[in-house]
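Let me begin by presenting the structure, written as structure tokens, before commenting on it.
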Amino acid sequence: MRDYNKEKAMAGPRPVVLSGPSGAGKSTLLKNLLKEYEGVFGFSVSHTTRSPRPGEENGKDYHYVTREYMQASIDKGEFIESAVFSGNMYGTSKASVQAVKDKNLICILDIDMQGVRAVKTTDLNPIYISIQPPSMNILEKRLRDRNTESEESLQKRLDAAQVDMEISKEPGIFDIVVVNDNLDDAYGKLKDALIEEIKKVQKNNLS
Ligand SMILES: Nc1ncnc2c1ncn2[C@@H]1O[C@H](COP(=O)(O)OP(=O)(O)OP(=O)(O)O)[C@@H](O)[C@H]1O
Ligand SMILES: Nc1nc2c(ncn2[C@@H]2O[C@H](COP(=O)(O)O)[C@@H](O)[C@H]2O)c(=O)[nH]1
């Protein structure tokens, strides 16, 4: 008879998918998690064809690549999922997820809704968390204040956000939806959702 408990333990901690509209606060929240729980979480560094923003580092925030390189890698089957968002390609490589899993850390994927749908067809079995803004107006203000997007990119992101906010209400897609109004409250809710998985890794780190 197969030992399912042993197989589950060997599979390591469950990954976490953070999704939600651009500007909802995913990166802010996940950076808090990575800082507070060093040695517990690891970030799946995606590939993208967009240019780095000031302060972003190649290999840390993203792997910045050309469209040709990314398409060739996708064609070779090196990606778990990929999507076009706001005119740029984004994708999660098998190697990025494996690098985190090899360290027995909880792998966090920050991906859009297309990515969520694609991951659902794989055997990754993550906890799906949607980060939502309190309103479209607040989202637009946060995105504008971030000062990272051209007007064209901003409009594309707001259009995608409207669709995202509707889909996130559908039952069964996300395990939890966190509305990021007050940052501390949202971070508290995110930690509550992950505490069981966090404790497992901390216990494992001690043994
Ligand atoms: N609760 C909050 N209250 C006010 N500002 C916030 C809050 N959460 C995040 N922000 C700010 O909103 C902006 C967007 O946040 P962030 O970059 O984390 O969003 P994101 O979901 O990761 O976006 P993207 O998908 O485009 O990477 C940032 O400037 C961030 O500092
Ligand atoms: N499907 C995927 N979506 C991804 C991935 N990495 C990031 N993203 C999403 O793209 C948008 C825009 O990100 P930005 O850094 O340009 O603001 C955002 O919603 C991310 O969640 C990925 O590998 N796959």
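Indexing begins at 1, ligand by ligand and atom by atom, following the structure's order. In what follows, residues are counted from 1 in the order of the sequence shown.
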4.0 Å heavy-atom contact, Arg157 with ligand 1 | yes
Considering non-hydrogen atoms only, spot the tightest contact between Tyr62 and Tyr90 and give its length.
-> OH-CE2, 3.5 Å
Option whose closest heavy atom lies nearest to atom 1 (N) of ligand 2, chosen from Ile111, Val119, Asp112, Ile80 | Asp112
Sub-3.5 Å donor-acceptor pair from the side chain of Thr49 to the main-chain atoms of Met89, do we have one?
-> yes
Note the single closest protein heavy atom to atom 15 (O) of ligand 2, along with its residue, its atom name and the distance in Å.
-> Tyr62 OH, 2.6 Å
Any N or O of Gly91 that comes nearer than 3.5 Å to an N or O of ligand 2?
-> yes
Could you tell me whether some N/O pair between Arg146 and ligand 1 is separated by less than 3.5 angstrom?
-> yes
Interfacing atoms of ligand 2 (cut-off 4.0 Å, heavy-atom, Lys26) | 19 (O), 21 (O)
Do Thr92 and Glu81 have side-chain atoms, one donor and one acceptor, less than 3.5 Å apart?
-> yes
Atom 5 (N) of ligand 1: which protein heavy atom is closest, and how many Å away?
-> Arg142 NE, 3.5 Å
Would you check the N or O atoms of Lys26, main chain and side chain alike, for any that come under 3.5 Å of an N or O of ligand 1?
-> yes
Of Ile176, Leu18, Leu194, Ile106, the one forming a side-chain contact (heavy atoms from CB on, under 4.5 Å) with Ile127 is Leu194
Among His47, Arg53, His63, the residue with a heavy atom nearest to atom 14 (P) of ligand 2 is Arg53
Please confirm whether Arg157 comes under 4.0 Å of ligand 2, counting heavy atoms of the residue only.
-> yes
When you check the gap from the basic side-chain N to the acidic O, do Glu140 and Arg157 get nearer than 4.0 Å?
-> no
Ser22 to ligand 2: N or O pair under 3.5 Å?
-> no
Which bit of Ala186 is near ligand 1, meaning a heavy atom under 4.0 Å away: side chain, backbone, both or neither?
-> neither
At under 4.0 Å between heavy atoms, what of Asp181 touches ligand 1? The answer is backbone
Side-chain donor-acceptor contact under 3.5 Å, Gln162 with Glu166 | no
Residue that, paired with Glu149, satisfies salt bridge (Lys or Arg N to Asp or Glu O under 4.0 Å) out of Arg50, Arg53, Arg144, Lys156 | Arg53
Check whether any side-chain heavy atom of Pro13 lies under 4.5 Å from a side-chain heavy atom of Lys200, and answer yes or no.
-> no
Per-atom filter on ligand 2: closer than 4.0 angstrom to a heavy atom of Gly115 are 1 (N)
Flag Ala24 as yes when one of its N or O atoms lies below 3.5 Å from any N or O atom of ligand 1, and as no otherwise.
-> yes
On the 0 to 90° scale, with breaks at 30° and 60°, tag the His47-Tyr69 ring pair as parallel, tilted or perpendicular.
-> parallel
Which heavy atom of the protein is the closest neighbour of atom 22 (O) of ligand 1, given with residue, atom name and distance?
-> Ser27 OG, 2.5 Å
Going by heavy atoms in the side chains, are Gln155 and Glu151 under 4.5 Å from each other?
-> yes
Ligand 2 to Ser82 polar contact by distance, N or O atoms, under 3.5 Å = no
Shortest heavy-atom approach to atom 31 (O) of ligand 1 - which of Asn32, Thr28, Leu30, Leu18 | Thr28
Among Ile195, Ile129, Asn180, Asn32, which one satisfies side-chain contact (heavy atoms from CB on, under 4.5 Å) with Leu190?
-> Ile129
Side chain, backbone, both or neither: Gln114 near ligand 2, heavy atoms under 4.0 Å | neither
min-distance protein heavy atom vs atom 23 (O) of ligand 2 -> Ser46 OG, 2.6 Å
